[in-house]
Q: 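The following block contains the structure, expressed as structure tokens.
We use all heavy atoms of the structure for the numbers below, so side chains are in, but hydrogens, waters and symmetry mates are not.
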Amino acid sequence: MRTQFGQRVMEFPLSSPSLRRAPNFRDVGGLSAADGKVIRFGRLFRSDMISRPQDDDLETLKRCGIGLVLDLRSSSESGATPNSFWVGQGAEVIAFDVGTDVRARGSFWEQLREDGSPQRVLALMHRIYRSIPLAVAPALTILFNRLADGAPPALLHCSAGKDRTGVAVALLLHALGVPRDAIETDYLETSSRITRRLVTNARKMFAEIAGAPLSDESLQLLTHVRADYLEQAYSRLERKFGGIDEFLAIHAGLDSGKRKAMRDRLLM
């Protein structure tokens with residue numbers, strides 16, 4: 001089956017893999033990339049945290065054949081919810097202790113406690129996004145090396161699969177030659193996957209972090225993604241490093257040979 005959705009060529013070799021208990025899980029295959037090619041399906045996945053999948057979710061994940069998992073959560077998050085499922089499946093799990101998220105214990109918690117107003121939350125999210133690229137660079141270094149060498153199907157995830165994972169995937173897609181507007185479309189798709197259950201859970205969690213219930217507007221800013229968030233990451237790379245390519249070369253070791261090897265293996 002093959003249809004056109006935006007700039008993604010949709011093919012469903014895995015029956016359009018989706019998970020009931022991890023709604024932000026998805027294959028990034030099908031996006032138009034360099035030289036008129038598209039990203040292969042079944043090679044790269046992104047997700048929120050997958051803990052104890054059951055029934056159809058479990059069968060879907062088994063069909064995906066994921067063998068490499070890059071965990072972008074902080075040590076406090078992974079300590080509270082270990083990646084036991086993937087370890088049990090025999091996948092190689094690499095954790096990176098990326099603390100640039102309000103879900104990770106640290107200074108962001110303190111800032112939310114001081115002021116949970118929409119204006120402060122928006123400023124906080126912008127600050128977080130400016131810090132994410134450097135924080136995920138070690139994960140990208142390993143991922144680029146493994147993909148260039150022919151890694152098994154790989155998954156990037158954090159807790160919600162939207163901020164740390166969103167930026168990491170955006171930088172990966174850039175390396176594969178996906179145009180910026182298509183990258184943004186893929187990034188913004190996360191907001192359409194936010195369920196009522198997730199918002200309810202987030203409301204409780206952020207109330208505990210902030211020490212008081214947050215307004216609906218503040219909660220929206222924390223639980224969804226926006227184009228200006230991703231633009232903060234891009235702008236920081238352009239101002240500080242001269243652009244995304246320069247940043248990836250300096251901090252993720254992405255040279256022309258490695259980029260070509262990745263594209264040869266992942267594009268069709």
Q: Side chain to side chain contact (heavy atoms under 4.5 Å, CB included) for D186 and R26? Distances and angles first, verdict last.
A: CA-CA 10 Å; D186 176 75; R26 60 191 189 266; 3.7 Å; yes
Q: Can you tell me how far apart CG (L31) and CZ (F41) are? Round to the nearest 0.5 Å.
A: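 Result: 8.0 Å between the selected atoms.
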Q: Does a side-chain heavy-atom distance below 4.5 Å link P153 with C64?
A: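 A side-chain contact under 4.5 Å is absent here.
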Q: Between the main-chain N or O of K162 and the side-chain N or O of T165, is there a donor-acceptor pair closer than 3.5 Å?
A: no
Q: Measure the spacing between CG of L173 and CG of L266 and express it to the nearest 0.5 Å.
A: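 These two atoms lie 10.5 Å from each other.
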Q: Starting at CG of D71, measure out to CD of E77 and round the result to the nearest 0.5 Å.
A: 8.5 Å
Q: Check whether any side-chain heavy atom of S159 sits under 4.5 Å from a side-chain heavy atom of R164, and report yes or no.
A: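 The answer is yes; the side chains approach within 4.5 Å.
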Q: Test of understanding: with side chain to side chain donor-acceptor pair (under 3.5 Å), list the residues that count as partners of K260, not counting sequence neighbours.
A: D264
Q: Got a donor-acceptor contact below 3.5 angstrom from the R263 side chain to the A175 backbone?
A: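 Yes; at least one donor-acceptor contact below 3.5 Å.
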Q: In chain order, what residues pass the salt bridge (charged side-chain N to carboxylate O under 4.0 Å, His left out) check against D228, with sequence neighbours excluded?
A: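 Once residues adjacent in sequence are excluded, the partners of D228 under the salt bridge (charged side-chain N to carboxylate O under 4.0 Å, His left out) criterion are R226.
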Q: In terms of hydrophobic clustering (I, L, V, M, F, W, Y; side-chain heavy atoms under 4.5 Å; direct or indirect links), are M49 and V69 co-clustered?
A: no
Q: Are the side chain of D57 and the backbone of R21 linked by a donor-acceptor contact shorter than 3.5 Å?
A: yes
Q: Which residues pass the ring pair (Phe, Tyr, Trp, His ring centres under 6.0 Å) test with F241, sequence neighbours left out?
A: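 Here the qualifying residues are F247, H251.
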Q: Would a 4.5 Å heavy-atom cut-off, applied to side chains only, mark P53 and L19 as touching?
A: no
Q: Are L171 and L237 close enough, and set up right, to give a side chain to side chain contact (heavy atoms under 4.5 Å, CB included), and what steps lead you there?
A: CA-CA 11 Å; L171 296 175; L237 297 184; 3.9 Å; yes
Q: Can you list every pair that meets ring-ring contact (aromatic ring centres under 6.0 Å, His included) and has a residue in residues 141-166, with sequence neighbours left out?
A: none
Q: Begin with the C-alpha distance, continue with both residues' side-chain angles, and end with the deciding distance and a verdict on side chain to side chain contact (heavy atoms under 4.5 Å, CB included) for F45 and L61.
A: CA-CA 11 Å; F45 299 86; L61 290 172; over 6 Å; no
Q: CD1/I94 to CD1/I142 distance, rounded to the nearest 0.5 angstrom?
A: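 One gets 4.5 Å once the value is rounded to the nearest 0.5 Å.
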Q: Heavy atoms only: give me the nearest V167-P133 pair and the separation to one decimal.
A: CG1-CG, 4.1 Å
Q: Between I250 and L248, is there shared hydrophobic-cluster membership here, with clusters defined by ILVMFWY side-chain heavy atoms closer than 4.5 Å?
A: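 Different clusters: I250 never reaches L248 through Ile, Leu, Val, Met, Phe, Trp or Tyr contacts under 4.5 Å.
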Q: Is a side-chain donor or acceptor of S191 paired with a backbone partner of H224 at a separation under 3.5 angstrom?
A: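 Side chain of S191 to backbone of H224: no pair is present.
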Q: Backbone N or O of G116 within a donor-acceptor pair of the S218 side chain at under 3.5 Å?
A: yes
Q: With sequence neighbours left out, what residues match Q54 under side-chain contact (heavy atoms from CB on, under 4.5 Å)?
A: none
Q: Considering all heavy atoms of both residues, which atom of L267 and which atom of A33 are nearest to each other, and what is their separation?
A: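 The pair with the smallest heavy-atom distance is CD2-CB, 3.7 Å.
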Q: Do the side chains of K62 and Q89 get nearer than 4.5 Å, heavy atoms only?
A: yes
Q: Can you establish whether the number of heavy atoms outside R196 located under 6.0 Å from its atom CZ is more than 12?
A: no
Q: Any side-chain to backbone donor/acceptor pair from N24 onto A160? Under 3.5 Å, distance only.
A: yes
Q: Could I get the full list of side chain to side chain donor-acceptor pair (under 3.5 Å) partners for T81, not counting sequence neighbours?
A: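 For T81, no residue satisfies side chain to side chain donor-acceptor pair (under 3.5 Å) once neighbours in sequence are set aside.
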Q: Looking at every heavy atom in both C158 and G161, which two are closest together, and how far apart are they?
A: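 Closest approach of C158 to G161, heavy atoms only: SG-N, 3.3 Å.
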Q: I need the minimum non-hydrogen distance between S75 and D97, along with the two atoms involved.
A: N-OD1, 2.7 Å
Q: Keeping to residues at least two apart or across chains, list the salt bridge (Lys or Arg N to Asp or Glu O under 4.0 Å) pairs with something in residues 241-255.
A: D245-R259
Q: Taking side chain to side chain donor-acceptor pair (under 3.5 Å) as the definition, give me every residue that meets it alongside T100, ordered by chain and number, with sequence neighbours left out.
A: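 T100: no side chain to side chain donor-acceptor pair (under 3.5 Å) contacts found.
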Q: Enumerate the residue pairs fulfilling salt bridge (Lys or Arg N to Asp or Glu O under 4.0 Å) with a member in residues 116-125, sequence neighbours excluded, ordered by first and then second residue.
A: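 Those involving residues 116-125 are E114-R120.
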Q: Considering only heavy atoms from C-beta outward, does the side chain of V28 approach that of L172 to under 4.5 Å?
A: no
Q: Kindly compute the distance separating CG (L221) from OH (Y229), expressed to the nearest 0.5 Å.
A: 4.0 Å
Q: Could I get the full list of side-chain contact (heavy atoms from CB on, under 4.5 Å) partners for A170, not counting sequence neighbours?
A: I183, L230, Y234
Q: Please name the pair of heavy atoms, one in D27 and one in G42, separated by the smallest distance, quoted to 0.1 Å.
A: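 In this case the closest contact between D27 and G42 is OD2-N, 2.7 Å.
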Q: I'd like to know if R46 pairs up with E189 as an ion pair, taking the criterion as any Lys NZ or Arg NE/NH1/NH2 lying under 4.0 Å from an Asp or Glu carboxylate oxygen.
A: no
Q: Is any side-chain heavy atom of F96 closer than 4.5 Å to one of V136?
A: no
Q: Between OG1 of T223 and CE of M205, what distance do you get to the nearest 0.5 Å?
A: 9.5 Å
Q: Report the C-alpha separation of L214 and R203 in whole Å, then their side-chain angles, then the decisive distance to 0.1 Å, and conclude whether the side chain to side chain contact (heavy atoms under 4.5 Å, CB included) test is met.
A: CA-CA 7 Å; L214 295 174; R203 185 185 301 276; over 6 Å; no
Q: Donor-acceptor check, side chain of R193 to backbone of F25, threshold 3.5 angstrom: yes or no?
A: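 Checked: pair present.
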Q: Any side-chain to backbone donor/acceptor pair from D35 onto K37? Under 3.5 Å, distance only.
A: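 Flag not set: sc D35 to bb K37 has no pair under 3.5 Å.
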Q: Which residues satisfy the side chain to side chain donor-acceptor pair (under 3.5 Å) test with E238, sequence neighbours excluded?
A: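 Partners of E238 by the side chain to side chain donor-acceptor pair (under 3.5 Å) criterion, ordered by chain and then number, come out as R180.
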Q: Does CG belonging to D56 count more than 12 external heavy atoms closer than 6.0 Å?
A: no
Q: When you measure from the side chain of K258 to the backbone of A148, do you find a donor-acceptor pair of N or O atoms at a distance under 3.5 Å?
A: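 Here the side-chain-to-backbone pair does not exist.
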Q: Where is the tightest heavy-atom contact between P17 and T60, given as atom of each residue plus distance?
A: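 Looks like CB-CG2, 3.8 Å.
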Q: For residues 127-153, which residue pairs pass the salt bridge (Lys or Arg N to Asp or Glu O under 4.0 Å) check, not counting sequence neighbours?
A: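 The answer is E92-R146.
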Q: Quick one: does R43's side chain have a donor or acceptor within less than 3.5 Å of a partner on A151's backbone?
A: yes
